[in-house]
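Please read the structure below before turning to the comments.
Chain letters run A, B, ... following the sequence lines, proteins first and then strands; every chain starts at 1.
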Protein chains: 2
Amino acid sequence: MSTVNLTPTSHVVLGLIARKGPSTSYELKAAVANSIGNFWPFPHAQLYTEPARLAAAGYLNEEREEGGRHRRTYSITDSGRQALAEWIAAPTPTGYEVRDPGLLKLFFGDLAQAPSDLEALAAAQLEAHATRLEEYRELDRLLEGMGVHDHARTTLSFGLVYEEGAVRFWQQVQREHRERGSR
Amino acid sequence: MSTVNLTPTSHVVLGLIARKGPSTSYELKAAVANSIGNFWPFPHAQLYTEPARLAAAGYLNEEREEGGRHRRTYSITDSGRQALAEWIAAPTPTGYEVRDPGLLKLFFGDLAQAPSDLEALAAAQLEAHATRLEEYRELDRLLEGMGVHDHARTTLSFGLVYEEGAVRFWQQVQREHRERGSR
DNA sequence: GCATCACCATATGAATCATACGGTGTAGAT
DNA sequence: ATCTACACCGTATGATTCATATGGTGATGC
């Protein structure tokens, strides 16, 4: 039970187990995939190694299946619950990251050889974001229909804000590009 | 001159050198810091190792100061310029990442012990984003005054969209929280 | 009783990261 | 003159994260 420093991954693991009860890594993987995994991806291997680390530090209990797949089921300890509560109460570092390859390419747009390259970029990005926006909207309607009003849904609504912004942005890029082209 | 696969970092390095001409790692560091580094951070050590890698692959030329600080100045080769153009012309992977610790904490808001924890979170996030928004606006006005209308400024305008969205979002979170609290 | 595929877990080596450390030039003080 | 302090600049390090490959398990259908 040595001390470890808790990364965002740690808090995700602790949080999910605290919320859903005892879970296996595979279950965590599924839970991540359709929520925060949307914008904050983890390689699934981490959801196997991280709980083990947390168990060694005393934040989780580990129970291992004897035969078969040797599934390990993790449950949260008091110490884990406390660490989680402290994290939520602590001041939050303000730095965030947005890593969007399309945006990066746009940033270097002046180095494109053909103007059509940028048109194609804008069109593709617009379509991708519009599709994602529609998916989020559908999911949101679904949750609304189920009467869900939890924090996960609030987080989803940030996704909506983001995608709406992205769609407007790339439309604007397209528009400016056309104007410049036709002048 | 073995083949290497080009990462986003590679393209940033190639792009900056293509745009600004021969540069040292230190100069790259500065150029990154006040542009894309705002939302897509690179540890500065990478701006030293990456150009070396690219030089070994024939995308950059390296010239080394004999005495003193042993600065290496990199300039782009034809091969590098071509790789860059190909990248811009190629279809862009659509996946993006948003890693915001505040959002993550909100996602687990139901596990907070005191409701005031969430209030504090929202207030802090709101303030941080509002500050950043103001900075971006100021920078944008500055560029406008200088008559700058390049792609870097377009990218900045995405930053504006993002921060405006974030501010609205956290205001909304605050509002809902107050309503819920007073009910 | 065998083939096949979805399910589940781990191993691996490479890439990335934060961070610490160590040199170099220079401007002002003494 | 030379010293000292600090800004400038580059590299090394060990830990963490990552993508990807591999391999075992169990259920289903034939």
I need a per-nucleotide contact map over nucleotides 11-16 of chain C, read 5' to 3'. Cutoff is protein heavy atoms under 4.0 Å; write B for the base, S for backbone only, - otherwise. B----S
Between the protein and nucleotides 6-8 of chain C, are there any N/O to N/O pairs under 3.5 Å, and if so, what are the atom names and distances?
residue : atom : partner : partner atom : Å
dC7(C)  : O2   : R69(A)  : NH1          : 3.1
dC8(C)  : OP1  : R71(A)  : NH1          : 3.3
dC8(C)  : OP2  : Y26(A)  : OH           : 3.4
dC8(C)  : O4'  : R69(A)  : NH1          : 3.3

F107(B) ring centre to R19(A) NZ or CZ under 6.0 Å, with the angle to the axis within 45°? yes
Pairing donors with acceptors under 3.5 angstrom, does anything connect the side chains of R175(A) and Q172(A)? yes
L47(B) CG - dA12(D) P separation (whole Å): 16 Å
The answer to which of E97(B) and S25(B) contacts DNA chain D further toward the 5' end, by nearest nucleotide, is S25(B)
Is it the case that over 12 heavy atoms from other parts of the model lie below 6.0 angstrom from the CD atom of E63(A)? no
Donor-acceptor under 3.5 Å (R64(A) side chain, R72(A) main chain): no
Would you call the rings of F158(A) and Y162(B) parallel, tilted or perpendicular, taking 30° and 60° as the class edges? perpendicular
Enclosure of E127(B) CD (heavy-atom neighbours >12, cutoff 6.0 Å): no
Nearest-Å distance for atom pair CH2/P, residues W40(A) and dC18(D): 10 Å
Applying side-chain hydrogen bond (donor to acceptor under 3.5 Å, both in side chains) as the test, list every pair that has at least one member in residues 20-40 of chain B; sequence neighbours left out. none
